[in-house]
Amino acid sequence: MCNSIRICFMKLIILCSVINTAYSQDENLLFYEDFPPFCYIENDQPKGVFFDIVTTVFEGMGASYKFQFYPFKRALFMATQGEGIIVGIYKTDERLQKLDYSKPFYKEKTVFFVAKGQGFRYSTINDLKGKHIGVKLGWSYGREFDQARESKLFTTTVGSQKQIFRLLLAGKLDTVVDNELSGMSVINDLRLKQNIEVLPKPLLEGNIYIAIRKGANTGLIKKFNNHVKRIEKNGTFEKILANYH
């Protein structure tokens, strides 16, 4: 009888240990690499608008976390497989089938960069007909642009930010589509500011989210949303943005 009680007691201890381990597990935040000023590594330290906002929110939530940096496409795949929370992502119909989204924590503007003096009229997506456009691997630029790309309204060359801006300057692309703040950061790094300009009308102004595998942790998403509102109200959000403008 005593042995049976002892065995049951040991099983209870093991079960409690497993439960505590599960609850204390760090959330895995997936940032995509080499995307200044939003998320990047500088002098072996993680930095960026997205990094600072999201880690500040998680600290306010009292949630323990770890972070990893990957190419965007890999980070997105990992999130759909339940291996972490992807930070800094647009919504698309395809992604909504696999991911639960937070409320937006940032709004960004996507624009067309052109070589100085080589601008063109852009009002609607049809104005891109026949253009050769530089884009980043794995990125969505909104439903309208993505559909026009699939229908071959224009052609695209895929590459890193630095690659496509160099191709633009070499005359091998008509335009590069990129986030305005990030694109300007790369242009400054390459010392191309005097050679490249932005078309007046943006392609889109899009909300940015964190996302996690569908059904994996809706409670975390709700808590995140509440704490984003909190840092917006207490001025922390604006202080973070001021560091990158």
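Just so you know, these numbers use all the heavy atoms, side chains as well, and skip hydrogens, waters and symmetry mates. Since this is a predicted model, take the numbers as computed values, not measurements.
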**Q** With side chains defined as the heavy atoms from C-beta onward, is the minimum distance between Glu27 and Asn217 less than 4.5 Å?
**A** yes
**Q** Quick check: do Met78 and Ile86 have side-chain heavy atoms less than 4.5 Å from each other?
**A** no
**Q** What pair of heavy atoms forms the shortest contact from Asn225 to Ser102, and how long is it?
**A** OD1-CB, 3.4 Å
**Q** Show, in sequence, the C-alpha distance, side-chain angles and deciding distance for Phe145 and Val135, and conclude whether the side chain to side chain contact (heavy atoms under 4.5 Å, CB included) test is met.
**A** CA-CA 11 Å; Phe145 184 92; Val135 298; 4.2 Å; yes
**Q** Shared ILVMFWY cluster between Val49 and Val228, side chains joined below 4.5 angstrom?
**A** yes
**Q** Consider only side-chain N and O atoms of Thr156 and Tyr141, and report whether a donor and an acceptor are under 3.5 Å apart.
**A** no
**Q** What heavy-atom pair brings Lys136 and Val158 nearest, and what distance separates the two atoms?
**A** C-CG1, 4.0 Å
**Q** If hydrophobic clusters are built from ILVMFWY residues whose side chains come within less than 4.5 Å, do Leu30 and Met61 share one?
**A** no
**Q** When rounded to the nearest 0.5 angstrom, what distance separates NZ in Lys98 from NZ in Lys214?
**A** 12.0 Å
**Q** Does some side-chain heavy atom of Leu203 sit less than 4.5 Å from a side-chain heavy atom of Ile125?
**A** yes
**Q** Would you indicate whether the side-chain heavy atoms of Tyr90 and Thr110 approach each other to under 4.5 Å?
**A** yes
**Q** Side-chain heavy atoms under 4.5 angstrom apart, residues restricted to Ile, Leu, Val, Met, Phe, Trp, Tyr: same cluster for Phe31 and Phe72?
**A** yes
**Q** Between Phe58 and Ile85, is any pair of side-chain heavy atoms under 4.5 Å apart?
**A** yes
**Q** Identify the two heavy atoms, one from Ser182 and one from Phe35, that lie closest to each other, and give their separation to 0.1 Å.
**A** OG-CE1, 3.0 Å
**Q** With heavy-atom distances below 4.5 Å as the criterion, would you say the side chains of Val114 and Asp174 are in contact?
**A** no
**Q** Pair Leu190, Lys162 - check side chain to side chain contact (heavy atoms under 4.5 Å, CB included), show working.
**A** CA-CA 8 Å; Leu190 294 174; Lys162 289 182 178 180; 4.2 Å; yes
**Q** Give, for atom CG of Leu168 and atom CD1 of Ile196, the distance between the pair rounded to the nearest 0.5 Å.
**A** 5.0 Å
**Q** Quick one: does NZ or CZ of Lys131 land under 6.0 Å from the six-membered ring centre of Phe120, within 45 degrees of the ring axis?
**A** yes
**Q** Between the side chains of Tyr40 and Glu42, is a donor N or O closer than 3.5 angstrom to an acceptor N or O?
**A** no
**Q** Within the structure provided, determine whether Lys47 and Asp52 are in side-chain contact (heavy-atom separation under 4.5 Å).
**A** no
**Q** Picking from Lys172, His132, Gln163, what satisfies side chain to side chain contact (heavy atoms under 4.5 Å, CB included) with Thr157?
**A** His132
**Q** How close do Lys116 and Gln194 get, heavy atom to heavy atom, and via which atoms?
**A** CD-O, 3.7 Å
**Q** Is there a path of hydrophobic side-chain contacts, each under 4.5 Å between heavy atoms, that joins Ile221 and Leu96?
**A** yes
**Q** Does Phe165 belong to the same Ile/Leu/Val/Met/Phe/Trp/Tyr cluster as Phe154, with side-chain heavy atoms less than 4.5 Å apart forming each link?
**A** no
**Q** With side chain to side chain contact (heavy atoms under 4.5 Å, CB included) as the criterion, how do Tyr101 and Ile89 come out once you've worked through the C-alpha distance, each side chain's angles and the decisive distance to 0.1 Å?
**A** CA-CA 9 Å; Tyr101 282 77; Ile89 187 173; 3.8 Å; yes
**Q** Quick one: do Lys107 and Asn207 satisfy side chain to side chain contact (heavy atoms under 4.5 Å, CB included)? Show the steps, please.
**A** CA-CA 4 Å; Lys107 183 183 285 289; Asn207 290 323; 3.1 Å; yes
**Q** Where is the tightest heavy-atom contact between Asp127 and Arg121, given as atom of each residue plus distance?
**A** OD1-NH1, 3.2 Å
**Q** For Tyr32, run the ring-ring contact (aromatic ring centres under 6.0 Å, His included) check against Phe67, Phe38, Trp139, Phe51 and tell me which one passes.
**A** Trp139
**Q** Kindly indicate whether the side chain of Ile208, heavy atoms from C-beta on, has any atom under 4.5 Å from the side chain of Pro104.
**A** no
**Q** Is the ring centre of Phe50 less than 6.0 Å from the ring centre of Phe105?
**A** yes
**Q** Under the side chain to side chain donor-acceptor pair (under 3.5 Å) criterion, do Tyr106 and Glu108 qualify, and how do the steps go?
**A** CA-CA 7 Å; Tyr106 186 80; Glu108 70 176 19; over 6 Å; no
**Q** Is it the case that Asp34 and Gln161 place a side-chain donor and acceptor less than 3.5 Å from each other?
**A** no
**Q** CZ/Arg230 to OG1/Thr56 distance, rounded to the nearest 0.5 angstrom?
**A** 13.5 Å
**Q** Search all heavy atoms of Tyr122 against all heavy atoms of Lys201 and return the closest pair with its distance.
**A** O-CD, 3.6 Å
**Q** Quick check for you: to the nearest 0.5 Å, what is the distance between Ser140 atom OG and Arg95 atom CZ?
**A** 5.0 Å
